[in-house]
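Just follow the structure's listing: the first ligand is 1, and inside any ligand the first atom is 1.
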Amino acid sequence: MKLFIINSGSSSIKYQVIEMADETVLAAGLVERIGETCGRLKNIAFPETRNEQESVIEQPIPDHHSGMLLAIATLTDKDKGVIGHVSEIGAIGHRVVHGGEDFRGSMRITPAVIEVLQRNIPLAPLHNPANLDGIRVAMDIFSQVPQVAVFDTAFHQTMPPRAYLYAIPYALYETDRVRRYGFHGTSHWFVAKECARLLDKSLPECNLITIHLGNGCSMTAIENGCSVDTSLGMTPLEGLVMGTRSGDVDPALHLFLKQNKGMDLEAIDTLLNKESGLKGLCGMNDMRDIHKAAVAGHVRAKLAVEVQTYRIRKYIGAYMAVLGRVDGIVFTAGIGENDPIVRAESLKGMEAFGVRLDPEHNWLRTKEARCISAPDSTVRVFVIPTNEELAIAREMAQVLRD
Ligand code: ADP
């Protein structure tokens with residue numbers, strides 16, 4: 001069965017087609033600049049030979065509906081397409097950012113599910129409407145095909161109240177569901193399962209700390225296979241230092257900026273989400289550029305790495321205290337998978353806690369999941385590539401089987 005995985009943004013649609021029989025990716029694409037003067041589709045088809053065949057189309061793409069039709073036309077193209085006919089698509093999976101407290105797992109999409117997603121828009125005003133657009137368009141075009149929603153928040157729904165409640169008036173939780181939700185759940189769950197396999201245990205036997213370091217960054221404490229705490233909060237702004245997002249700051253900063261800089265709340269929100277993090281500290285948000293600049297003597301580039309890795313170390317310490325016993329620490333996503341400096345700095349000085357890296361394994365360049373801790377490290381450390389689309393595909397297969 002071929003699955004169509006869709007991640008719909010406000011002006012983009014990211015997609016993959018996966019053959020579930022052997023979990024191979026047949027095609028991956030991005031439709032972007034929807035609604036702008038000129039839109040763009042980039043599709044990479046992976047024929048059986050694994051030779052990539054790239055197609056780029058630039059033309060006006062007025063809305064998500066026409067974007068989806070363009071993607072389907074490309075996927076079924078007689079020369080470059082990877083599927084003969086749309087009817088070969090057996091199911092459609094949607095990545096949905098916020099499931100609120102309503103969804104503890106993936107859901108087959110029904111009118112009732114759509115209603116709940118709509119109700120949850122205030123929790124993710126930028127993301128959920130775009131996800132809903134993608135769902136509506138896909139249901140319109142593929143009216144006979146089962147559709148599944150996979151939520152970034154669902155894996156974290158096992159957190160206990162002591163971890164998810166903010167110490168603010170309880171009424172705000174009761175009336176408006178103000179609380180920590182956490183994100184990147186599909187990624188934390190995927191690498192946790194892979195880590196359990198590498199530890200030769202079942203997931204419910206594992207206590208893990210998973211560290212997702214991409215443009216967005218988050219960490220999760222996993223006890224007996226379940227998320228018990230995570231660093232992103234009610235929105236994807238809290239916690240670690242990210243590419244352009246601040247992570248933890250004093251909440252009174254808002255008042256300070258208003259009173260002293262005359263900024264309104266929207267401007268402060270933009271500052272914390274788009275102009276902060278690594279970019280705010282050193283003007284760059286791609287870790288490869290930051291390392292190059294640091295080597296060339298850029299003092300604040302070096303400082304940005306120090307601030308980010310110090311924050312990671314603080315959270316590791318906190319999650320060790322939460323978990324008591326830790327079987328594995330996992331690094332994943334763009335920085336986590338590729339950056340030995342950030343990994344080493346994040347674990348610096350943790351020998352007393354039983355964490356000892358093997359420098360040679362840490363510096364090894366490979367795309368394979370691997371252990372990078374020394375043989376005498378009581379906590380094992382892993383690099384495990386995340387694969388959110390494959391995780392979504394596996395979730396969908398499970399939902400459709402149940
Ligand atoms: P997203 O959160 O957008 O999915 P990714 O997981 O793809 O992001 O991570 C993107 C980030 O990974 C880039 O901003 C870059 O900083 C970092 N990155 C990618 N490759 C490397 C590398 N070889 N070394 C260090 N950092 C890298």
Any side-chain donor near an acceptor of the partner, His127 and Ser10, under 3.5 Å: no

Option nearest atom 25 (C) of ligand 1 (shortest heavy-atom distance, choices Asp339, Ile341, Asn215, Thr332): Asp339

Ring geometry between Tyr315 and Tyr319 (parallel below 30°, tilted from 30 to 60°, perpendicular above 60°): perpendicular

Close-contact set for ligand 1 against Ala333 heavy atoms, below 4.0 Å: 6 (O)

Charged tip of Arg179 within 45° of Tyr164 ring normal and under 6.0 Å: yes

Ile335: numbered ligand 1 atoms lying under 4.0 Å from its heavy atoms: 12 (O), 16 (O), 17 (C)

Subset of ligand 1 atoms that lie under 4.0 Å from at least one heavy atom of Met287: 15 (C), 16 (O), 26 (N)

Sub-4.0 Å protein heavy atom near atom 6 (O) of ligand 1: yes

Contact summary for Ile222 and Gly225, nearest pair of heavy atoms: CG2-C, 3.4 Å

Partner set under salt bridge (charged side-chain N to carboxylate O under 4.0 Å, His left out) for Lys302, not counting sequence neighbours: Glu306

Option set Asn338, Val342, Thr386, Asn285, criterion heavy-atom distance to atom 23 (N) of ligand 1, minimum: Asn338

Sub-4.0 Å heavy-atom approach of Gly216 to ligand 1: yes

Nearest-neighbour protein heavy atom for atom 19 (C) of ligand 1, which is reported as residue plus atom name and distance: Arg288 CZ, 3.5 Å

Protein contact to atom 15 (C) of ligand 1 [nearest heavy atom, distance to 0.1 Å]: Asp286 OD1, 3.5 Å

For Met68 against Phe4, the heavy-atom pair lying closest together: SD-CE2, 4.2 Å

Pairs involving residues 93-114, ordered by first then second residue, that meet ring-ring contact (aromatic ring centres under 6.0 Å, His included) (sequence neighbours left out): His98-Tyr181, His98-Phe183, Phe103-Phe151

Closest protein heavy atom to atom 27 (C) of ligand 1, given as residue, atom name and distance to 0.1 Å: Gly334 O, 3.7 Å

